[in-house]
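All of these numbers come straight from a predicted model, not from anything done at the bench.
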Amino acid sequence: MDISDFMYYAEAGNISVSGIQRVIANLVTYRKFSPHEIVPVMLERHARDICKIDVDLFQNLVEALQSGQHDKKHIQSLEAVARKSISPVTPSAGDIFVMAGAFWVYDDYDFLKRLRENGLKIALFVHDLIQIRNPEYVATVATNRFEETFLDVLAEVTLLLTNSDYVRDDVKDYIHTKLQLDIPVESIKLPTELPHIEYTYENVRPELIDIAKKNYVLYVSTIEIRKNHILLLKIWEKLLRDKNIEVPPLVFVGKWGWEIAELEAFIETCGGLGKWLFIFNNISDEELSYLYKNCLLTAYTSFAEGWGLPVGESLAYGKPCIASDTTSIPEVGGNCVEYIDPNDFEKTYEVFRSLFSDYGRIQILEENVRKNFKIRTWKNYCTEFYSNISRHLESKAYISRDGNYVYSPDEIYFYGYDDISEQSRKGGELITARMTRVHGWHRLENWGGWAAGPKATLHLPTKLPQGQKISIFIRIQSAPSREKMWLSCNGGGEDFSYGYVSTTPAFINFDGVVGKNGTILISLDSTPVPLIDGSYSFVHVGISAIGFVAADDSNAYVKFLGKVLNETPKKISATISQDSFDSQQVSPFLFRILLGKAENPEPLIGTFEKLVDKVSLFAARRSARNRKWAKAEKYYASMLRRYLNRPRILIQYGHVLKEQGLYDAASMVYRQVMKLDPENKDARHHFSTVQHLRKK
């Protein structure tokens, strides 16, 4: 049971549990309901070593946080004591690794791949997909981080659990339509049970006691755009203009969240703060219990939820709730809640106006809650949770150790974080190549990743038959350095000695053969070069994209080449800057043509390469005729990776650079042509023209 997120949460100084941490806390507390041994484990954010933690010391931390009665220093001291108890543990085949908290906390997820390769099953509890399905309610950085990590975890998990039927169906739809995955997904609804604490309410602050002397409506949630607080404020402002009804004050409880500028502006202009509106950000569990116990009713006008815990809390206290009819919220409230459309101001206004016009209706709602609401306990939840885990653990159904993604020919798959957000914006499938890395790699970055050793391996599961000959494409690069990086490759067939690797991303191509069970095993052997930014002392070859086609399908070759030639190399902004190139005085000409195979003086040209040349030359000439200079440059550059010393191609390349105003680079091209062919009058003429333009 991974409790890393809980430990980070306590380390940060939180003094009470949130919804996600409450799940982990109770799963450990009620671990006896599992027929199997539950071992709490944690990983540091670099996610290399799995360590078990003393369960009794961790239980002390859980109880302290759940009580909500301790200060920051005490919680952090308990966390530090528990952390000191950790010791390395090696999970083995037949175990299951369960992630029930915030799974997006790690730097990378290669450890999951290692676990699955070693025969473990992996279960993930998904709380919601709001970051993906409703990105308008979440900060962009959080949306990107969630989807990036979710895709990595989905590559390895063997069981998905969710907190509601709504999230279950949403997850099923996502993994089927976006990833073509068929992973079992089960729903285990969260409890509505309150903490078993008998509060004395002696520590409740005076201002809360004053508020509780009269009726009030309570809204408990993070104060952010998704929770739709502004709807209630606008309704209250209108209700207060009606002198024939008694409008109770509105009390918001929760931390300030994201995208609240409009709400803050409205609060300032409405003039209700301290009169009919009260906001509390840091209250204890005891004070929250006090507010629930004494409120008239609660409201929950959120646009989207994975569950909606405050709705269940309200009903558990016997208090009616006016809640949104969206997403999973009706699963929490059942027929004990008065539902509203969070996008319909007028109808929601009428619901509150009718209640405040006749308080007897509120009593009827309260009586309905008292008679019909059945509390779901943590005991129920944990029993059901562990029952699902046990069934999956004991199932004899075959699960491959290769991971979940299956790679298809004729597609380009990417490694970088930036690629995921870009693909997500475009729509369509989101299968990445990130988890194809097996051994010898540093963690991935926005653009892709560096090999960590002289031999790095990639493993791509496919549905192709064993022995199928394929042609493999990988976009590679070297780090800028005065030293050169040499590369050779093997894709299950003969070794391919590529040669020196350029510092600019470029696709290389070599033959391969599909191995056992349809897998493609690729090894990249490269020499090291020092990394300028110092994040690593030395790095080996860098990769950012991969794809493959059947070697005997010429039509597939042509179509795939079109994809390759139109792919824009990713910038390594965090690792390699333009200054790095300038400081080494690399010519603008060499910088632009994406050297690639140009460093091999006499490349071997076979049937495939000739086909590439024909496609590239045709596309380059057509783009130039249409004055699409940047596109023409791309195609000519692809040919120059093999034919750096061909004057006819060089001079055409110089022309498209000149037309784009890239005079320094064009000048270098024409110089190269004149060096190779001193009698080339065309090159001399254009060189003079470019020199004149440069001076201007």
Side-chain angles (χ1 to χ4, degrees), residues 1-34 36-92 95-109 111-112 114-115 120 122-125 127 149 153 161 190-191 193-197 255 282 284-286 288 309 378-379 381-382 385-386 389:
M1 178 73 67
D2 182 12
I3 51 89
S4 308
D5 171 49
F6 193 98
M7 295 292 286
Y8 299 149
Y9 184 83
E11 183 184 36
N14 290 286
I15 60 173
S16 62
V17 290
S18 69
I20 292 179
Q21 281 72 37
R22 198 181 298 275
V23 171
I24 299 175
N26 283 281
L27 285 172
V28 174
T29 299
Y30 291 98
R31 60 190 179 279
K32 67 179 182 180
F33 292 110
S34 169
H36 303 282
E37 182 186 4
I38 307 300
V39 181
V41 298
M42 71 170 294
L43 299 89
E44 297 297 350
R45 294 187 189 275
H46 57 66
R48 293 192 187 97
D49 303 316
I50 298 177
C51 296
K52 64 180 179 180
I53 194 166
D54 184 281
V55 69
D56 293 325
L57 294 177
F58 181 68
Q59 189 66 52
N60 292 339
L61 175 61
V62 164
E63 291 171 1
L65 261 173
Q66 284 197 306
S67 73
Q69 296 179 322
H70 300 283
D71 61 19
K72 175 179 176 179
K73 287 185 177 180
H74 182 70
I75 296 298
Q76 288 177 323
S77 67
L78 291 177
E79 189 277 338
V81 170
R83 186 180 289 264
K84 287 180 181 178
S85 74
I86 65 173
S87 59
V89 64
T90 304
S92 57
D95 292 344
I96 184 167
F97 186 83
V98 180
M99 306 173 75
F103 61 84
W104 50 89
V105 297
Y106 301 118
D107 291 339
D108 63 58
Y109 294 81
F111 75 97
L112 290 181
R114 294 193 296 272
L115 292 178
L120 275 81
I122 301 166
L124 173 69
F125 189 74
H127 294 263
T149 55
V153 175
L161 301 172
L190 285 172
E193 182 180 29
L194 299 169
H196 295 294
I197 300 173
K255 297 177 181 178
N282 295 297
S284 67
D285 280 4
E286 182 179 18
L288 179 59
L309 181 62
W378 279 106
K379 179 180 177 181
Y381 170 81
C382 292
F385 185 97
Y386 285 127
I389 293 294

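With rounding to the nearest 0.5 Å, the separation of CD1 in Ile15 from CD1 in Ile75 is 8.0 Å. Atom-to-atom distance recorded for Phe58:CZ and Ile24:CD1 is 6.5 Å, nearest 0.5 angstrom. Going from atom CG of Leu120 over to atom CZ of Arg114 covers 12.0 Å, rounded to the nearest 0.5 Å. Put simply, CG on Leu65 and CD on Gln21 are 8.5 Å apart, with the number rounded to the nearest 0.5 Å. Atom-to-atom distance recorded for Asn26:CG and Arg31:CZ is 12.0 Å, nearest 0.5 angstrom. To the nearest 0.5 Å, atom CD of residue Glu44 and atom CD1 of residue Ile50 are 12.5 Å apart.
Here the shortest heavy-atom pairing between Glu79 and Ala10 reads CG-CB, 3.9 Å. Residues Gln59 and Thr29 come closest through the heavy atom pair NE2-OG1, 3.0 Å. Scanning all heavy atoms of the two residues, the minimum distance from Ala82 to Met7 falls at CB-CE, 4.1 Å. The shortest non-hydrogen separation linking Ala100 to Met1 is CB-SD, 4.5 Å.
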Is there a side-chain contact (heavy atoms from CB on, under 4.5 Å) between Leu112 and Met99 once you walk through the steps? CA-CA 11 Å; Leu112 290 181; Met99 306 173 75; 4.2 Å; yes
Go through the steps to decide whether Lys84 and Leu57 satisfy the test side-chain contact (heavy atoms from CB on, under 4.5 Å), and finish with yes or no. CA-CA 10 Å; Lys84 287 180 181 178; Leu57 294 177; over 6 Å; no
Could you go through Val28 and Ile38, starting from their C-alpha distance and side-chain angles, then the distance that decides it, and tell me whether this counts as side-chain contact (heavy atoms from CB on, under 4.5 Å)? CA-CA 8 Å; Val28 174; Ile38 307 300; 5.5 Å; no
Does Ile3 form a side-chain contact (heavy atoms from CB on, under 4.5 Å) with Val62? I'd like the steps, not just the answer. CA-CA 11 Å; Ile3 51 89; Val62 164; over 6 Å; no
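The shortest distance between side-chain heavy atoms of Leu190 and Leu309 does not fall below 4.5 Å. Residues His70 and Leu78 have side chains not in contact (no heavy-atom distance under 4.5 Å, counting atoms from C-beta outward). Between Ser34 and Ile389 there is no side-chain heavy-atom pair separated by less than 4.5 Å. Residues His36 and Tyr386 fail the side-chain proximity criterion, which asks for heavy atoms closer than 4.5 Å. At a threshold of 4.5 Å between non-hydrogen side-chain atoms, the residues Leu61 and Phe6 count as touching. Within the 4.5 Å cutoff, no side-chain heavy atoms of Tyr106 are placed close to those of Thr149. You'll find the side chain of Ile20 reaches within 4.5 Å of the side chain of His127, heavy atoms only.
Taking the centre of each ring, Tyr30 and Phe385 stay at or above the 6.0 Å mark.
Within the structure, every pair that satisfies the salt bridge (Lys or Arg N to Asp or Glu O under 4.0 Å) test and touches residues 2-23, not counting sequence neighbours, is listed here: Glu11-Arg83. Every pair tested for salt bridge (Lys or Arg N to Asp or Glu O under 4.0 Å) that includes a residue from residues 49-61 fails, sequence neighbours excluded, so the list is empty.
Legend: residues meeting side-chain contact (heavy atoms from CB on, under 4.5 Å) with Lys255, ordered by chain and number and at least two apart, are Asn14.
Under a 3.5 Å cut-off, the side chain of Tyr109 and the backbone N or O of Ala47 do not form any donor-acceptor pair. Side-chain atoms of Tyr8 come within 3.5 Å of backbone atoms of Arg45 as a donor-acceptor pair (strictly under, hydrogens ignored).
Between Tyr381 and Trp378, the ring-plane angle classifies as perpendicular under the 30° and 60° cut-offs.
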